[in-house]
Each structure stands twice: as structure tokens, then as C-alpha cells.
Amino acid sequence: MSGVAVELTAVSKRFGEVAAVREVDLEICDGEFFSLLGPSGCGKTTTLRMIAGLEFPTEGSVRICGQEMGLRPPNKRPVNTVFQSYALFPHMTVFRNVAFGLEMSKVPTTQIAERVKAAVDLVRLSGMEKRKPAQLSGGQQQRVALARALVNQPRVLLLDEPLGALDLKLRQAMQVELKDLQQRLGITFIYVTHDQEEALTMSDRIGVMHEGRLLQVGPPEEIYEHPRTRFVADFIGETNFVAVTVVGPGRVRLPGGEVVQALTHSPAGTAATLAVRPEKVCLARPGAAPAAGPEVNCLEGVVRRRVYLGNSLYYHVELGATTMRARLENAPGVGQFAEGDPVCVVWEAGSGEALEG
Amino acid sequence: MAGKRRALSETDAPVTPDLERSAIRAESRRGFLLALPGYAYLVIFFAVPMLIIFVYSFGTRTATGKTLLGEWNLDSYQRLFNHFVLGILWRSLALALATTVISLLVAYPFAYYIATRGPRLRGLLMVLVMVPFWTNFLVRTYAWRLILGRNGPLAAVLGFIGVNEPRLLFTNAGILIGLVYGHLPFMVLPLYASIERLDWSLVEAARDLYANGWKAFRKVTLPLSMAGVVGGTILTFIPAFGAYIEPELLGGAQTMMLGSFIQKQYYAVSDWPFGSALSFVIMALMLVGTIIYFRRGGRTA
């Protein structure tokens with residue numbers, strides 16, 4: 001991770017009245033697997049297209065490998081794209097599809113044959129060179145799209161929801177394969193997805209986008225464990241949200257009046273939202289619970305609903321004026337509770353994040 | 001539950017290849033009924049007249065201009081190789097080819113432009129392409145006589161830029177202008193349809209793979225709109241080849257095309273066998289040419 005591969009500075013893109021991307025600042029390192037994650041219409045694809053040169057920013061600058069891109073067309077940028085619908089040329093064979101970029105950049109014919117073969121082998125499609133895209137399955141088409149981009153040995157590979165059209169099993173297999181490929185080749189991957197699991201599994205860092213803004217950038221664990229806004233906490237994984245008031249550093253008051261410990265980011269007296277992941281919440285029988293210490297919150301409540309999910313169980317626990325969901329593994333040694341049981345709800349201070357707003 | 005399963009297997013059991021075949025036969029009968037009006041029309045008004053023409057082409061013209069049937073001969077076909085007839089054939093071919101090429105060169109960029117506009121402008125432009133059809137074709141071609149005439153506006157412009165005594169009306173150039181004018185919409189429509197269907201992410205992919213604008217057009221846009229090019233050129237070339245009104249109104253005695261020549265055989269010369277032979281040979285040539293062209297165009301597209 002030596003240099004900076006892609007650098008966006010105050011990049012905005014407007015389509016008429018609609019602001020698709022707003023003032024995005026972002027640095028993506030050499031050899032990094034970076035994911036842009038967000039719901040549809042959040043501006044992630046537009047951001048990717050601005051790096052590819054398929055759109056140009058209304059404001060701001062895009063630099064690739066230190067060079068200002070300005071209005072440089074896509075064919076003059078050291079990046080290649082794997083398109084969402086693959087965009088394979090239907091009138092060309094797999095070989096001609098993969099060779100396209102090399103032919104355009106006037107690589108000698110003998111080298112083209114070699115490099116296409118290597119790329120086709122890399123994505124495990126040997127023997128399919130003479131087929132047309134329509135004669136391939138979705139997964140195979142996806143691989144051709146990947147080979148067609150990788151054969152050019154770009155510094156940066158842009159992927160726009162490349163696995164979106166595949167079924168779950170194939171998608172999971174391809175996730176592993178993509179990550180493996182990226183690590184072996186050492187190319188920077190910029191990966192656009194709306195699938196949080198995909199982003200969490202593969203990425204070195206994730207940038208979460210919403211309504212054109214880049215809300216938070218960080219490694220998957222940081223994004224998941226310490227979301228900085230309510231949107232991020234809500235979009236990635238599941239979260240209990242409780243409206244609270246900050247009473248001091250590390251202390252917030254619940255609507256029922258109880259004061260619990262949490263990570264705070266705002267001064268005393270401000271309203272905040274306490275976010276706690278259900279799997280961070282433990283339940284214990286009253287009396288058997290560990291005493292509330294400096295690092296642990298412990299509140300008494302009543303189980304109102306029990307939801308059986310197979311590998312885990314959800315308990316909706318009434319805690320005075322609020323409700324909190326706890327997710328317990330369906331595993332030996334983990335206690336099970338019935339609806340109506342009084343319980344102690346336990347979570348660590350560091351698992352609760354008091355978010356602004 | 002068990003009873004239901006038994007009932008199912010009972011109806012399943014008798015499904016034999018015979019039964020399946022009769023179902024397929026019934027389906028094809030229904031399909032034929034749908035096509036029947038179309039078939040009937042084509043047989044009565046196309047196949048039967050073609051057959052009559054075919055029979056007449058072996059007949060003999062009597063001295064009074066009547067056609068004698070019964071003494072079958074190939075005289076009419078031999079006369080096709082007369083150099084005057086071949087000259088007309090070549091002129092028709094050349095003018096039709098020129099019409100097709102010029103129409104293609106004008107229509108492709110225009111169709112591309114229309115297909116890449118927003119939906120509202122696109123609709124408006126397509127209506128404008130059709131507007132000429134609201135006026136009778138004969139009237140529009142007469143209008144060209146005024147435009148191309150010795151005292152017409154075009155001659156005035158040409159004279160102004162230094163062309164001495166510009167002559168357009170009654171020349172090949174005049175016919176060509178009229179032919180291109182008349183056939184341009186038939187070129188624009190199929191081209192528009194195929195360009196409008198184009199998946200633009202393919203062009204983006206080509207640009208992303210280092211193709212400049214022109215290369216992306218050559219390697220992706222053009223091959224993928226080939227269906228429109230093939231359709232448009234056929235819709236332009238065939239009617240232009242047999243054009244009648246344009247050469248009649250805009251051409252002169254020196255610029256006769258096939259359409260007029262055939263018409264003369266029937267009405268002026270009363271040589272039905274020769275007119276029939278001409279018509280039949282041309283139709284056969286067009287048919288063969290179109291099939292070959294479609295095959296080859298279909299491969300590239």
C-alpha cells in the first residue's frame with residue numbers, strides 16, 4: 001500500500017437539478033480493495049463512472065496515479081471497468097471480447113494471443129474462447145467481463161455490482177475468487193455494491209454513501225462496530241436504536257430515566273441515538289447476571305417476543321419505556337427464555353454508540 | 001390426496017407420442033388459420049399475376065400489337081441482351097446504387113442523432129421524418145420539377161456560385177436527387193429502429209477498453225446496427241431500381257430507367273411478351289440478390 005491510486009477532491013456531480021454526488025473526498029491506496037457501499041441511487045455508480053471517465057464531475061478533481069484526469073476520455077485512463085450487465089460484445093467471440101482492449105492499444109498480435117490465453121486461464125474459462133456471449137451462463141459471462149478488463153493489466157479495476165445478477169451460491173463463490181484474484185494480482189479494486197455482506201467480506205476499506213454523500217470510510221470492522229451516523233448503523237447489519245440524552249462523557253440517559261454507559265461524541269445535554277447491535281446484547285436470569293460494572297450495562301426487563309430463526313433466536317425485551325432486541329446463538333451453553341420471563345439485559349459500554357441525531 | 005394423485009397419473013398415462021403429435025398438428029393448423037388472409041391476398045394478387053406475366057413472357061407479339069399465346073418461344077428473353085436494354089439496366093442499377101449509398105450516408109448520422117436524443121425530441125423528429133408521407137408522392141415529385149427547373153431556386157443558387165447554365169431537370173442528377181428525397185425516410189426508419197435498440201453500455205465498454213470514438217463506432221455501434229443498414233438498403237435499393245415516377249417526371253428521353261421502359265412496352269409499344277420477360281427477370285434477380293444480401297448481412301449483424 002505504497003502510493004495513492006485514486007484521489008477524489010471535492011467531487012460533485014449534478015444531472016440538471018439532481019445532485020447525484022456531493023463533495024466527495026476520497027483517497028484509495030495502491031493495491032487496496034475498496035468498496036463503495038450504499039442503497040440504489042446513493043451516487044456510488046456515478047462516482048465510479050467519474051473515475052472511469054464515463055461521466056465528468058460538475059465540480060472537483062479526479063486524480064488517478066497522481067495524474068489529474070480533467071476531461072480525459074475513458075480510453076486514455078489507466079483503468080478498466082467490469083460493467084453491471086457485463087456489457088460483453090454480443091457479436092464477438094469470447095476471444096475477441098477479451099482481445100478487444102489489447103487490439104485497441106495496438107499490442108502485437110502474437111502477444112495478444114498469449115495474453116488473452118493467460119487471462120482466460122486466470123478466470124478458468126479455457127476452451128470457451130470460440131463461444132459467443134449468448135452461449136455462456138451468467139457466471140461465465142461475468143468471468144469473461146473480468147478477463148476482458150484484467151487482460152489490459154490496469155492499475156485500477158472498477159467493478160460496478162459485478163455479482164448482482166448471479167444467484168446466491170455463485171455469488172459467494174465469486175466473492176472469494178475475486179478477493180483472491182485481487183490479492184494475487186495486487187491491482188487496486190474499486191467495487192460498487194449495495195450488498196453489505198459482500199462489502200464486509202471482501203473489502204480492505206469501505207466507503208458508505210447515502211444521498212450523494214460519502215458518510216464514513218474505514219475498514220469493515222470499524223464501519224460495523226463503530227458506525228458514525230444513524231444511517232450507517234442502520235444500513236449495515238441490524239441495530240437497536242434508542243433515543244437518549246447525553247448526560248456526560250460516556251454516559252447517556254434512556255427515555256425511562258436509567259443512565260447507561262456508551263461511547264459518546266457530543267457534549268452533555270444534547271439529544272442522541274443509542275445504537276446497540278442485537279448480537280452484542282446478552283440476556284441472563286435475574287440474580288444470575290453479572291453486576292453492573294464500569295464496563296458493563298445491566299438493566300432489568302421482560303421478554304415480550306421470542307423469534308426463532310434456526311441458527312439463532314431473537315428476543316424483544318421490554319426495558320421500561322423502550323424495547324431492545326437481543327440475538328442469542330442457538331448453541332449449547334446459551335440460555336433460552338420464554339415470552340414473559342423477567343431477564344437482565346447486559347451489554348458492554350463499548351458496544352453502545354451514542355450517535356448524533 | 002391419494003385419489004387426486006391417481007387421477008393425475010391416469011391422465012398422464014395415455015400421453016403417448018401419437019397424442020403429442022396430434023397436439024402439435026392442431027397447433028400448426030391454428031397458426032395456418034391466422035396466416036390465411038395474408039396467404040390468400042398474396043396468392044391472388046401477387047402469385048397469380050406473376051404467373052400470368054411468366055406465361056405471357058413466352059408469347060409472341062403480333063403485328064397489330066396483340067399477344068399471341070400458344071406458340072411459346074424465348075424471343076423476348078433473347079432481346080434482353082440488346083445493348084439498348086442493357087444500357088437502361090445499367091443506368092437503373094447505377095442510379096439505384098447511388099441512391100442507396102447517398103441515402104445511407106445521409107440517413108445514418110441523422111438516425112443516430114434522433115436515436116440519441118431525449119424521448120420528447122425523438123418523438124417530434126420521427127414525426128417530422130414521416131410528415132412528407134402526408135402529401136401525395138406525385139405532388140411532391142412535381143414540386144421537385146419547380147425546384148430543379150431552369151428558373152428554379154437551385155439553379156439560381158448554382159448560377160450564383162459560378163456554374164454556367166446549370167441543368168438539373170431531365171438529367172441523371174435530377175433523377176438522383178428525386179430518388180434520394182423519396183427514399184430517405186425508408187432508410188431512416190430501420191436505421192433508427194436498430195440504433196435506438198442499441199445497448200449503450202457496450203459503447204461505453206468499448207471506450208473503456210481504449211477505443212476512441214471512431215473505433216467504438218466501427219467495432220460496436222455499426223456492427224450492432226447492421227440489421228438496420230441491411231433493412232434500409234433493401235427498402236431503398238429495390239424501389240429505386242424499379243422507380244417509375246421520379247425518372248418520368250425528373251428525367252428525360254436520354255435518362256430512361258427500367259420502370260418507364262417496362263411501362264412503355266405495355267402501353268406505347270404493346271409488346272406484352274417483352275415487358276413480361278423484363279419484369280420477370282428483374283424480379284428474379286432482385287429476389288436472388290436480396291436473399292444473398294440478407295444471408296451475408298445477417299452474418300455480420
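Lettering follows sequence order; numbering is per chain, from 1.
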Does [X], at its [atom1] atom, have more than 12 non-hydrogen atoms belonging to other residues, nucleotides or ligands within less than 6.0 Å?
X	atom1	result
A:Arg184	CZ	yes
A:Lys179	NZ	yes
B:Arg140	CZ	yes
B:Arg218	CZ	no
A:Arg22	CZ	yes
B:Lys219	NZ	no
B:Phe133	CZ	yes
B:Tyr39	OH	no

Is there a side-chain contact between [X] and [Y] in this structure, where contact means two heavy atoms from C-beta onward sitting under 4.5 Å apart?
X	Y	result
B:Leu224	A:Phe89	no
B:Met226	A:His91	no
B:Leu209	A:Pro74	no

>> What's the separation between atom CZ in A:Phe83 and atom CG in B:Asp199, rounded to the nearest 0.5 Å?
In response: 10.0 Å
>> Is B:Ala216 close to chain A through its backbone or its side chain, or both, or neither, when contacts mean heavy atoms under 4.5 Å?
In response: neither
> Relative to chain B, which segment of A:Arg49 carries a heavy atom at a distance below 4.5 Å: side chain, backbone, both, or neither?
Replying inline: side chain
>> At under 4.5 Å between heavy atoms, what parts of residues 54-66 of chain A are in contact with chain B? List them by residue number.
In response: A:Leu54
>> Applying a heavy-atom distance below 4.5 Å, give me the residues of residues 101-113 of chain A that approach chain B, sorted by number.
In response: A:Gly101, A:Met104, A:Ser105, A:Lys106
>> Please check this pair: side chain of B:Asp208 against backbone of A:Thr81, looking for a donor-acceptor N/O pair closer than 3.5 Å.
In response: yes
> Quick one: of A:Asn80, A:Asn75, A:Leu88, who has the most non-hydrogen atom pairs under 4.5 Å with chain B?
Replying inline: A:Asn75
